[in-house]
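The structure appears below as structure tokens.
Every chain is numbered from 1, with letters handed out A, B, ... down the list of sequences.
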Amino acid sequence: MKKQAPYFEQVYEITRAIPYGRVSTYGAIADYLALGSARMVGWALRNALLWQDDIPAHRVVNRNGELTGRMHFDTPETMQALLESEGTRVENNQVVLFREKFWHPEALDHA
DNA sequence: GACCTGACGCCCC
DNA sequence: AGGGGCGCCAGGT
């Protein structure tokens with residue numbers, strides 16, 4: 001098992017903090033870290049799937065609430081299945097009531 | 001140390 | 001509504 005790059009670990013930490021039943025976005029995470037870019041968050045999460053199994057990577061979607069990363073799971077339906085198993089409904093490849101489910105990492109500062 | 005690659009986001013037709 | 005261009009920037013070669 002290879003040692004993870006520091007940047008990846010920071011992304012993992014934020015992702016683990018996403019509450020059950022909520023979702024966040026690539027942009028929000030990149031924003032909060034003030035490091036890297038939205039694009040790199042996705043890259044890091046792909047790594048997370050390969051190396052870690054304790055990261056709720058399915059809770060990260062793009063800014064429209066779309067499951068753009070679903071093809072990186074075991075099967076293209078896995079991401080949606082995981083979300084629905086925790087009460088997050090998905091229709092037409094998009095999180096239903098995305099705006100209400102959205103969680104921004106800055107909530108960590110408040111807490 | 002240059003070059004390539006990305007689970008994005010934004011702007012422009 | 002849909003498609004293309006480009007900035008983004010850490011890590012792996």
*Determine the minimum heavy-atom distance between A:T88 and A:K101, stating which atoms define it.*
CA-NZ, 4.2 Å
*asked:* With heavy-atom distances below 4.5 Å as the criterion, would you say the side chains of A:V23 and A:L83 are in contact?
replied: yes
*Have a look at A:M79 and say if it touches a base, only the backbone sugar-phosphate, or nothing, with a 4.0 Å heavy-atom cut-off.*
base
*P-based separation of B:dA7 from C:dT13 [nearest Å]*: 16 Å
*Between B:dG9 atom C1' and A:Y32 atom OH, what is the distance in whole Å?*
22 Å
_A:M40 CE - B:dA7 P separation (whole Å)_ = 12 Å
*Quick one: A:N47 CG to B:dT5 C1', roughly how many Å, whole number?*
13 Å
*Have a look at A:Y7 and say if it touches a base, only the backbone sugar-phosphate, or nothing, with a 4.0 Å heavy-atom cut-off.*
sugar-phosphate
*Nearest of C:dG11, B:dC10, B:dC8 to any side-chain atom of A:R63?*
B:dC10
_hydrophobic_cluster_shared for A:W51 and A:I29, side chain cutoff 4.5 Å_ = no
*Atom CZ of A:F8 to atom P of C:dG12: distance rounded to whole Å?*
6 Å
*Checking all strands, does A:A57 fall into the base, sugar-phosphate, or nothing category for heavy-atom contacts under 4.0 angstrom?*
base
*Have a look at A:L49 and say if it touches a base, only the backbone sugar-phosphate, or nothing, with a 4.0 Å heavy-atom cut-off.*
base
*With no hydrogens and no angle check, is any side-chain donor or acceptor of A:N64 less than 3.5 Å from a backbone partner on A:E66?*
no
*Would you confirm whether A:S24, through its side chain, and A:V60, through its main-chain N or O, come within 3.5 Å as a donor-acceptor pair?*
no
_Could you tell me how far apart A:R46 (CZ) and B:dA7 (C1') are, to the nearest whole angstrom?_
9 Å
_Interatomic distance, A:L35 CG vs C:dC9 C1' [rounded to whole Å]_ = 9 Å
_Whole angstroms only, please: what is the CG-C1' distance between A:D31 and C:dC9?_
15 Å
*When the distance from CG of A:L33 to C1' of C:dA10 is rounded to whole Å, what number comes out?*
12 Å
*Toward the 5' end of DNA chain C, by each residue's nearest nucleotide, A:R39 or A:W43*: A:R39
*Toward the 5' end of DNA chain C, which comes first, A:S37 or A:P6, by nearest nucleotide?*
A:S37
